[in-house]
Amino acid sequence: MPIRRRRLLTSAAAGLGAASVGPFVIRDLRAQDVLKIAGIHDTSGGLDIYGKQMVATMDLAVSEINAKGGLLGKQVKLINYDPQSNIQFYTQYATEAATKEKVAVVHGGITSASREAIRPLLKRFNTLYFYNTLYEGGVCDRNIFCTGSTPAQTVEKLMSYVMKKWGKKVYTIAADYNYGQITAKWIKKYTQDNGGEVVATDFFPLDVTDFGPTIKKIQAAKPDLILAPLVGAAHISFYRQWAAAGMNKQIPLASTTFGNEVVITSPEEHNGIHVVFGYLEGINTPENKAFVETIHTKYNIPHMTELAAMTYHGVHLWAEGVRKANSIDRMKVIEALESGLTFAGPAGKTTLDAKTHHNILDVYIGEAKDKKFVVLEKFPVQTPADTAAVCDLKKNPNDNKQYVIDVKT
Amino acid sequence: MDYAAILALQICSAVASLVLISLGLAVIFGMMRVINLAHGEFLMLGGYAAITAYNNGVNLWLAMLIVAPLTVGLFGIVVERLIIRHLYGRLIDTMLATWGLSLAMIGFVTVVFGNTVSGISAPLGSLTIGAYRTGAYEVFLVLVAAVLLVAGWAVLRFTRLGLIARGTMQNAAMAAALGVSPSLVYAVTFGVGAALSGLVGGLLAPLSGVVPTIGAAYIAKAFITVISGGAAILSGTAIASGLLGTINTAMTFAFTPVLGEVALLAAAVILLRILPQGITGRFFQRSL
């Protein structure tokens with residue numbers, strides 16, 4: 001606690017100093033031979049399983065950049081902040097990173113709530129921001145780059161794949177907050193587009209652990225398949241109870257969120273579950289195998305999700321932007337990043353889309369098998385069509401909001 | 001027909017789950033008038049005890065049925081000796097103290113086990129009823145709830161131990177005058193309540209997994225059931241569980257799980273408006 005207070009005081013003092021002396025003097029005083037960047041990821045609290053792997057891949061990306069001589073002749077210094085799964089710390093650390101440390105870029109934020117807490121703040125402080133998590137789409141702001149996948153990229157592929165394989169009657173069970181609600185709408189849309197029908201959609205608050213009634217309701221509805229965008233620790237009980245009832249052998253299940261759960265549940269419980277992400281550990285390329293090996297052994301992370309891989313891509317994409325701009329000036333880097341920069345890495349080739357500042361990426365459908373995901377099919381070069389429908393930063397560079405995309409069903 | 005059977009089974013299962021999560025609380029609150037806000041964390045501790053024992057090679061049934069209640073029961077006795085016994089008769093103070101205890105337990109377990117979910121698969125496989133399937137373990141839990149209720153009733157009604165416990169709760173000074181040590185009775189009762197919570201925590205671990213904050217998922221329902229049940233520990237808990245569990249399941253089947261939860265809460269509010277002393281405050285007053 002005293003450390004935190006002191007940090008806050010020093011950052012406030014630095015802010016005051018900057019205001020009175022003028023930013024140029026401060027920047028000159030601070031001109032050093034390192035180039036600072038910040039990562040804000042929850043490495044404690046409820047989101048730590050995601051935060052820890054994101055910190056690991058970010059650290060790996062930075063050390064690779066430094067091993068090749070750094071950027072603009074300087075070594076890159078990574079400053080990690082742990083907001084402890086607490087939104088309040090996000091704003092505090094983002095302010096500190098932008099004002100005291102004057103970092104060139106901030107990577108981070110896991111939930112949409114944390115992103116929306118620091119996005120306006122970093123825009124105000126003119127600090128470039130990368131958000132590397134898959135999310136519901138719709139953010140439109142020239143200061144942010146979103147490298148994760150969005151529903152139009154993933155759900156569309158998944159629905160046509162599983163409906164071809166399993167049938168037309170879909171039962172959706174989703175987490176009851178904006179991600180689950182919006183994803184459920186996309187599921188309905190793409191089910192109808194594929195000539196099928198969603199027979200029922202049930203939403204569950206994040207603390208529900210008893211799925212007994214729902215499992216019986218599902219059996220009464222007799223769907224061909226289940227779509228389960230369930231989120232968080234409590235919802236893992238669904239997969240356990242589903243398997244305990246023997247239903248995992250009766251009705252197949254697909255999910256847009258079943259990721260790290262593969263480590264926690266047993267093979268009997270998760271074998272056969274189909275997923276869709278912008279990255280899977282099972283991607284069979286030399287780059288990815290080396291990447292997985294390093295993260296598993298050197299960083300001791302048992303399993304990576306898309307969040308970790310896109311953090312790695314995000315840092316490298318930013319570095320490409322700096323190289324191209326030959327500067328860390330925010331606008332110059334943004335313009336360089338808008339020139340269609342690409343990075344080919346473990347997740348395949350990813351390209352930043354100038355219109356939406358989202359990522360054009362390869363999407364993978366996978367199947368859970370013995371605590372791992374096997375890639376079943378790859379869909380290259382998927383564009384963020386959902387965000388593109390509402391957002392055009394070429395036309396409206398001053399746009400600054402998260403649109404709620406109207407899904408027509 | 002199959003559907004009716006499965007619906008009936010689900011209602012039994014929902015009722016049993018309410019009985020199980022509230023029983024430990026009912027013993028401590030009903031008999032000692034101590035509001036144990038750490039009840040959810042007692043359940044959580046039972047879950048961790050069972051999973052840790054199982055991961056260290058103990059048979060799953062031993063881990064759930066012996067290790068979990070023993071661990072939490074002993075922990076409960078320690079808590080009673082160190083904290084609770086200083087606060088008898090001070091309702092608000094015990095609430096504060098046990099709330100603090102719950103925060104400390106969440107923090108401690110997080111430090112030891114990490115803030116991640118641990119779990120084990122449910123044993124016993126699945127059951128087929130007509131065209132429907134359900135986990136056999138759910139049926140087992142219904143039986144456990146029934147056994148616990150009957151056993152609790154038998155102990156209170158027929159044994160000397162039960163008589164002493166009831167006497168002390170009714171009038172501690174009189175019991176002391178007759179040669180009973182109330183502080184010993186209190187300690188044992190608290191320990192039994194804690195052990196029950198531990199047992200249930202262990203039994204629920206395969207269904208819901210455990211995470212340090214899982215207590216929050218149980219505590220509200222446990223309190224609602226116990227308060228709605230009223231003064232009689234066993235029959236109150238059983239009747240309230242039966243009523244609320246049935247309403248919850250019916251609404252969940254008819255509409256959505258969220259509405260099921262809402263209906264449960266609404267029913268409890270209406271019930272307490274009509275019967276402020278709980279169900280057994282008006283009916284079955286002489287029951288246990």
Side-chain angles (χ1 to χ4, degrees), chain A residues 42-52 84-85 173-174 176 200-222 232-251 260-261 263-270 302, chain B residues 2-3 6-7 9-11 13-14 17-18 21 110-111 114-138 141 204-214 216-218 220-221 248-261:
Chain A
D42 310 281
T43 52
S44 55
L47 294 167
D48 66 341
I49 46 169
Y50 296 105
K52 280 178 185 161
Q84 303 163 30
S85 307
I173 43 174
D176 197 4
T201 304
D202 282 346
F203 292 102
F204 300 93
L206 292 176
D207 61 350
V208 168
T209 57
D210 180 12
F211 291 90
T214 305
I215 288 173
K216 274 135 208 149
K217 265 179 87 176
I218 293 173
Q219 296 183 48
K222 297 190 178 60
H235 286 181
I236 293 174
S237 358
F238 172 79
Y239 301 104
R240 292 186 188 287
Q241 291 165 22
W242 184 245
M247 288 309 298
N248 56 343
K249 305 223 165 39
Q250 307 290 314
I251 303 177
N260 252 328
E261 284 83 349
V263 181
I264 298 155
T265 51
S266 71
E268 301 84 67
E269 288 160 346
H270 65 230
Chain B
D2 296 346
Y3 191 72
I6 209 85
L7 188 65
L9 180 65
Q10 185 56 45
I11 288 175
S13 172
S17 130
L18 283 178
I21 61 174
T110 308
V111 169
N115 198 343
T116 42
V117 192
S118 330
I120 29 180
S121 304
L124 294 179
S126 66
L127 265 179
T128 309
I129 300 173
Y132 293 89
R133 297 169 76 99
T134 184
Y137 192 68
E138 270 180 60
L141 287 186
L204 289 179
L207 280 185
S208 54
V210 284
V211 62
T213 49
I214 194 139
Y218 298 128
K221 275 191 188 171
N248 185 353
T249 310
M251 294 301 276
T252 302
F253 268 84
F255 304 102
T256 67
V258 176
L259 264 180
E261 299 287 300

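Below, chains carry the letters A, B, ... as their sequence lines are ordered, and counting in each starts from 1. All values below come from the heavy atoms of this structure, side chains included, with hydrogens, waters and symmetry mates left out.
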For chain A, the option from B:Ala136, B:Gly135, B:Ala14 that forms the most heavy-atom pairs under 4.5 Å: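 Highest number of pairs under 4.5 Å: B:Gly135.
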Among B:Leu207, B:Thr252, B:Ile214, which has the most heavy-atom pairs under 4.5 Å with chain A?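 Most heavy-atom pairs within the cutoff with chain A belong to B:Leu207.
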Report which part of B:Pro123 has an atom under 4.5 Å of a heavy atom belonging to chain A: side chain, backbone, both, or neither.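 For B:Pro123, no heavy atom lies under 4.5 Å from chain A.
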Under 4.5 Å from any heavy atom of chain A, what part of B:Tyr137 do you find: side chain, backbone, both or neither?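 No part of B:Tyr137 comes within 4.5 Å of chain A.
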Kindly state whether the ring of A:Phe204 and the ring of A:Phe211 have centres lying under 6.0 angstrom apart.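 Between A:Phe204 and A:Phe211, the centre distance is under 6.0 Å.
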Is [X] in contact with chain B via its backbone, its side chain, both, or neither, using a 4.5 Å heavy-atom distance?
X        : value
A:Asn260 : neither
A:Glu261 : neither
A:Gln219 : both

Side-chain donor/acceptor of A:Gln241 to backbone N/O of A:Thr209, under 3.5 Å: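 Looks like yes, one N/O pair under 3.5 Å.
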Give a yes or no answer on whether the side chain of A:Lys217 reaches the backbone of B:Phe255 with a donor-acceptor pair at less than 3.5 Å.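 Flag set: sc A:Lys217 to bb B:Phe255 pair under 3.5 Å.
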So which of A:His235, A:Gln250, A:Lys222, A:Glu268 has the biggest tally of heavy-atom pairs under 4.5 Å with chain B?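 Maximum pair count with chain B is reached by A:Gln250.
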Which residue out of A:Ala243, A:Ala200, A:Pro205, A:Pro213 racks up the most heavy-atom pairs below 4.5 Å with chain B?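 Between A:Ala243, A:Ala200, A:Pro205, A:Pro213, the count favours A:Pro213.
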Could you grab the distance from atom NZ of B:Lys221 to atom OG of B:Ser17, nearest 0.5 Å is fine?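 Rounded to the nearest 0.5 Å, the NZ-OG separation comes to 6.0 Å.
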Atom CZ in A:Phe238, atom CD1 in A:Ile215: separation rounded to 0.5 Å?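 One finds 5.5 Å between CZ of A:Phe238 and CD1 of A:Ile215.
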Any side-chain heavy-atom pair of B:Ser13 and B:Leu141 under 4.5 Å: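 No, side chains not in contact.
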Sequence neighbours excluded, which residues qualify as ring pair (Phe, Tyr, Trp, His ring centres under 6.0 Å) partners of A:His270?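 Counting only residues at least two positions away or on another chain, A:His270 forms no ring pair (Phe, Tyr, Trp, His ring centres under 6.0 Å).
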